[in-house]
Amino acid sequence: MSLKFLRYSLNIERHKFWRFYIRCLSTNNINDPIHGVSVSQIKQILKQKHIITIEGHACIIIECSLCESEKSKKAKIYINKTTGYFMCDKCNLKGEWNILEKFLLTRSTKVNNKEVQKELEALKNTTKIQGNYISEWNNITKLNQEIAYLSPELYEKVLHIFSLPKIPQEDILQLNGIYVTVPTSLYFPLIAFNNIVGYKILSSQSELEQTVPNSNVSGFIIYKQKGTRSDGTAVVVPTIHDLLALVFQKAANVIICLPYNLQNLPQQLLPSFENFKKLILWFGNDEPSWYTARQFAKKLNEKRCYFVRPIDIQPRPKLAADKGYDLKNILMNAQPIWHKSITTFDDLRQDILCDLQNIDRVQGVKWKRYPVLNRILKGHRRGEFTILTGPTGSGKTTFMSEYSLDLAMQGVNTLWGSFEIRNARLARTMLQQMAEVSLEDNLDKFNTYADIFNKLPIYFMTFHGQQNIKVVMDAVEHATYVHDIAHVIIDNMQFMMGISEESTDSAKASQEADNVLIIQDKRLTSIKGKKYLQVAKNRYSGDLGIMILEFDKTKLSYAQKKKIKLEVDKTEDKRGDNKEEITKKIKETHILQVER
Ligand SMILES: Nc1ncnc2c1ncn2[C@@H]1O[C@H](COP(=O)(O)OP(=O)(O)OP(=O)(O)O)[C@@H](O)[C@H]1O
């Protein structure tokens with residue numbers, strides 16, 4: 001088998017200590033240049049300039065010398081230990097480490113100071129341009145009513161509309177929420193260092209939450225139980241409903257609701273967590289929540305993180321409360337995430353129970369468009385390395401686009417590295433696959449489709465042509481940290497690295513791969529031949545097999561057509577066969593399992 005056409009699909013789970021900084025200007029573009037930075041380099045420069053540092057959990061903290069106003073004397077700068085990204089808690093100035101570094105290195109020498117000052121000014125201006133949420137929030141408050149001050153009758157009605165527990169109004173006061181009548185919704189401010197930096201909106205229609213701004217916010221919703229003293233512990237939950245369930249049961253003194261649920265933990269948010277020495281992550285007992293807890297814990301610093309294990313009797317707070325469980329009891333059983341290098345069976349038994357109770361979830365995220373692939377591969381799992389190969393022009397890029405789009409539409413944060421074709425062409429293919437219609441024939445709906453696509457967690461690397469693998473992998477690592485990437489696609493690896501067809505690297509890669517997928521085109525050798533995807537390697541379950549690829553040119557899709565049921569009914573009439581038998585036969589034409 002020739003591995004000339006090699007696609008890598010990496011499901012990122014862990015990242016190394018070293019990181020490189022890349023500038024991420026808009027939400028869907030990953031742009032170079034990349035500046036190398038490491039925590040030891042940062043510390044060395046701070047030491048060299050005799051700057052007193054505090055070792056935080058995720059950040060290094062120094063006094064701010066950029067703040068201008070007199071009151072801001074006690075301002076602190078938080079420097080992210082992984083990326084070097086810095087942020088001041090008073091003037092809100094934030095940016096890349098290299099700017100701060102230049103400022104610190106030149107501030108007393110006056111060398112090139114003008115240039116550095118110019119850069120700083122530019123940064124200050126961008127900070128100012130970015131939304132002023134304090135005045136926006138004041139407007140919302142002026143035009144609407146605070147939840148805590150609604151009349152008792154209206155308050156009860158509101159609780160009913162939003163299916164909220166009967167929390168006393170004095171408790172809800174802590175959250176400073178606003179009741180908005182058109183459209184019926186509740187607004188809760190996101191707080192960073194006592195400032196309003198955005199808000200979360202809870203709709204009455206569903207449990208769906210919307211966040212403003214839609215990326216990189218530095219604050220969260222925080223509830224502090226009145227009359228209690230914080231011991232430095234906070235319970236971290238994904239949704240407002242979860243937070244309110246805990247408030248209702250008075251299960252914790254400090255509860256934090258994340259701004260983007262489990263989708264993303266912005267690095268801008270990490271400074272706001274610095275004051276807590278213990279964080280209990282309670283995210284729910286499904287597969288994505290389980291992995292997200294581990295990923296977020298790495299960013300927050302695993303050593304202070306505990307989590308509520310994802311077993312059947314410990315769903316996320318709202319669901320646990322609905323089932324009448326005692327939330328305080330569940331919190332008492334939270335376990336540390338940090339594992340010692342030597343462990344005992346007693347420590348592992350909870351992990352085993354989680355695995356056993358979550359078989360279906362451990363198997364991974366299922367594709368909506370490829371039920372056959374779900375049956376063979378069991379789903380998309382993080383940390384696995386998949387290779388897709390096949391003859392020239394057989395549709396590898398097209399298949400990979402749809403394969404990753406399907407997962408991204410289910411919330412899997414995805415990073416595309418397309419080295420062969422332009423990002424615009426790739427994105428167009430994915431847009432058409434999402435819209436499921438010809439874009440040319442539906443130009444009037446282009447903006448509607450584009451707006452929906454824009455909300456998907458898909459990022460594109462801007463490299464093109466041959467690249468140094470280290471540079472690319474550094475960019476991948478960085479994006480993984482910043483955007484919580486769970487799925488990386490590199491198309492195509494050999495082209496990117498300039499590897500020849502005969503290269504032994506390809507064989508080595510397929511040996512290392514967890515999954516090997518091959519697009520086979522039997523149409524090239526037989527008239528009745530079909531195109532199909534062969535699963536040639538599957539490390540997880542060992543199941544191998546094929547999935548027939550029927551291409552829909554208008555949708556650019558290989559999604560399985562939903563016609564099996566009709567075919568069953570027709571066949572049954574003709575032959576009078578047993579329905580189950582026929583279903584089995586039809587399924588067999590779509591999946592040929594190979595015993596191992
Ligand atoms: N099953 C199919 N039947 C007909 N056309 C297809 C099929 N699959 C893909 N195509 C079309 O073939 C063209 C090439 O597809 P694609 O770029 O995905 O192939 P590839 O294998 O990635 O190519 P390359 O080997 O050059 O990287 C595209 O225009 C795509 O729409």
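Remember, it's 1-based here, ligands and their atoms both numbered in the order they're listed. Any value given below was found using the heavy atoms of this structure, including those in side chains, with hydrogens, waters and symmetry copies removed. If you're wondering where the values come from, they're calculated on a predicted model, not measured in any experiment. One is the number of the first residue; the rest follow in order along the sequence.
Judged as a ring pair (Phe, Tyr, Trp, His ring centres under 6.0 Å), and not counting sequence neighbours, F446 has no contacts. R428 meets the salt bridge (charged side-chain N to carboxylate O under 4.0 Å, His left out) test with E440; sequence neighbours excluded.
For F307 and W290, the distance between ring centers is under 6.0 angstrom.
The shortest N or O to N or O distance between G393 and ligand 1 is below 3.5 Å. For ligand 1, the polar-atom distance check finds no N/O of R425 at less than 3.5 Å from any of the ligand's N/O atoms. The N/O atoms of L556, backbone and side chain alike, include none that comes under 3.5 Å of an N/O atom in ligand 1.
Put simply, CG on L426 and CG on L431 are 11.0 Å apart, with the number rounded to the nearest 0.5 Å.
Contacts between K553 and ligand 1, counted as non-hydrogen atom pairs separated by less than 4.0 Å, are absent for every part of the residue. Counting heavy atoms under 4.0 Å from ligand 1, residue Y558 touches it through the side chain alone.
Between the side chains of D242 and T239, at least one donor N or O lies within less than 3.5 Å of an accepting N or O.
In this structure, T392 counts as a contact residue of ligand 1, since one of its heavy atoms falls inside 4.0 Å of the ligand.
The option with the heavy atom closest to atom 18 (O) of ligand 1, from among L426, T398, L388, is T398.
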